[in-house]
Amino acid sequence: MSSKNNIKAIAKKIRDIQDFPKKGIVFKDITPVLSDIELFRLSIEAMAKPFMKQNIDVVVGIESRGFIFGTPIADKLNAAFVPIRKPGKLPWSTENIEYELEYGTDTLEIHTDAIDEEQNILIVDDLLATGGTAEAACKLVSKVKGTIKGLTVLVELEFLNGREKLNPYNVHSIVKY
Ligand code: AMP
């Protein structure tokens, strides 16, 4: 399959769920992509591709779907894997960041010793929407002194302009809406 056809095939498998988890949200369900051996593999390859020669030391995955894509991408890039998690989940000493949601705030955490100074980092999540989560992840990685080489996601909701928050980072997405 050509890469254009690969992207079309992946996009066809992403399922729209109306009003989930709350009214007015169209949830992009990526689980049918994971259930398809070939499309899951193609997704990982496409997400990793621009970073193959970027000397990535650590892939940082954002809880929880960032873990699903992040770990095989880390393997492909011959990199380590570090999780960014919701508060209270990481057992060791943590650095944290609070960020704004539509209503209220949320927090993300990373282990303080997870990244060595100046290591090259690739941040992974399943989907970029408003960019708030990815922006918080970038700030968190910067706090522990990693060098961010880019972000990769399977899905980008372009109409929400999340990318603008991530200037000047290299943001790579496969399926765009
Ligand atoms: P945001 O911070 O607005 O960019 O939201 C990104 C995070 O929320 C990612 O971890 C996504 O998994 C999740 N998310 C946001 N909007 C959606 C959506 N429409 N469908 C599926 N996941 C979403």
Side-chain angles (χ1 to χ4, degrees), residues 7-36 39-40 42-44 46-48 51 58-74 81-90 94-111 114 121-144 146 148-177:
I7 294 170
K8 271 194 186 153
I10 295 166
K12 249 178 110 174
K13 279 275 176 178
I14 297 171
R15 182 162 57 186
D16 278 3
I17 313 287
Q18 305 292 332
D19 299 320
F20 182 89
K22 55 183 180 187
K23 218 170 168 44
I25 307 261
V26 180
F27 189 85
K28 298 289 182 191
D29 178 17
I30 53 87
T31 60
V33 178
L34 306 177
S35 302
D36 184 307
L39 293 182
F40 186 25
L42 288 171
S43 301
I44 297 303
M47 288 170 79
F51 303 99
V58 179
V59 169
V60 169
I62 305 174
E63 185 169 1
S64 59
R65 287 182 295 275
F67 299 171
I68 297 169
F69 293 100
T71 43
I73 290 172
F81 178 81
V82 166
I84 280 184
R85 299 207 64 179
K86 312 262 166 69
K89 302 276 189 183
L90 289 171
T94 56
E95 188 63 78
N96 59 67
I97 184 107
E98 200 177 88
Y99 62 104
E100 301 285 328
L101 297 174
E102 199 180 345
Y103 303 104
T105 62
D106 215 341
T107 302
L108 289 175
E109 296 186 341
I110 194 168
H111 274 149
I121 310 299
L122 174 66
I123 297 175
V124 177
D125 204 355
D126 66 326
L127 181 143
L128 182 68
T130 65
T133 309
E135 183 188 29
C138 289
K139 286 184 180 160
L140 203 47
V141 166
S142 299
K143 272 189 171 188
V144 293
I148 298 166
K149 298 294 268 188
L151 296 94
T152 192
V153 292
L154 184 65
V155 183
E156 178 177 4
L157 305 183
E158 286 185 309
F159 54 91
L160 293 174
N161 300 319
R163 203 174 261 273
E164 282 174 15
K165 285 202 183 78
L166 302 169
N167 218 352
Y169 299 123
N170 175 13
V171 180
H172 178 59
S173 67
I174 310 303
V175 179
K176 300 168 205 285
Y177 294 93

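Read the numbers this way: they start at 1 and go in the same order the structure lists the ligands and their atoms.
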Notebook entry, point to check: Do the side chains of Ile62 and Val124 get nearer than 4.5 Å, heavy atoms only?
Noted result: no

Enumerate the pairs of nitrogen or oxygen atoms, one from ligand 1 and one from the protein, separated by less than 3.5 angstrom; state names and distance to 0.1 Å.
| from | atom 1 | to | atom 2 | distance (Å) |
| --- | --- | --- | --- | --- |
| ligand 1 | 2 (O) | Gly132 | N | 3.4 |
| ligand 1 | 2 (O) | Thr133 | N | 2.9 |
| ligand 1 | 2 (O) | Thr133 | OG1 | 2.5 |
| ligand 1 | 3 (O) | Thr130 | N | 2.8 |
| ligand 1 | 3 (O) | Thr130 | OG1 | 2.5 |
| ligand 1 | 4 (O) | Ala129 | N | 2.9 |
| ligand 1 | 4 (O) | Thr130 | N | 3.0 |
| ligand 1 | 4 (O) | Gly131 | N | 2.7 |
| ligand 1 | 10 (O) | Asp125 | OD2 | 2.7 |
| ligand 1 | 12 (O) | Arg65 | NH2 | 2.7 |
| ligand 1 | 12 (O) | Asp126 | OD1 | 2.7 |
| ligand 1 | 12 (O) | Asp126 | OD2 | 3.4 |
| ligand 1 | 19 (N) | Val26 | O | 3.0 |
| ligand 1 | 20 (N) | Lys28 | N | 2.9 |

Margin query: Among residues at least two apart in sequence or on other chains, which ones pass ring pair (Phe, Tyr, Trp, His ring centres under 6.0 Å) with Tyr177?
Written below: none

Next item on the list: Please check if any side-chain donor atom of Asn96 sits under 3.5 Å from a side-chain acceptor atom of Thr94, or the reverse.
Entry: no

Margin query: Would you say that Val144 contacts Ile110 through its side chain, given a criterion of any heavy-atom pair below 4.5 Å between the two side chains?
Written below: yes

Note to self: Are the side chains of Phe67 and Arg85 in contact, using a 4.5 Å heavy-atom criterion?
What the structure shows: yes

Notebook entry, point to check: Counting N and O atoms only, with roles assigned by atom type, does the side chain of Glu156 sit under 3.5 Å from a partner on the main chain of Ser173, one being a donor and the other an acceptor?
Noted result: no

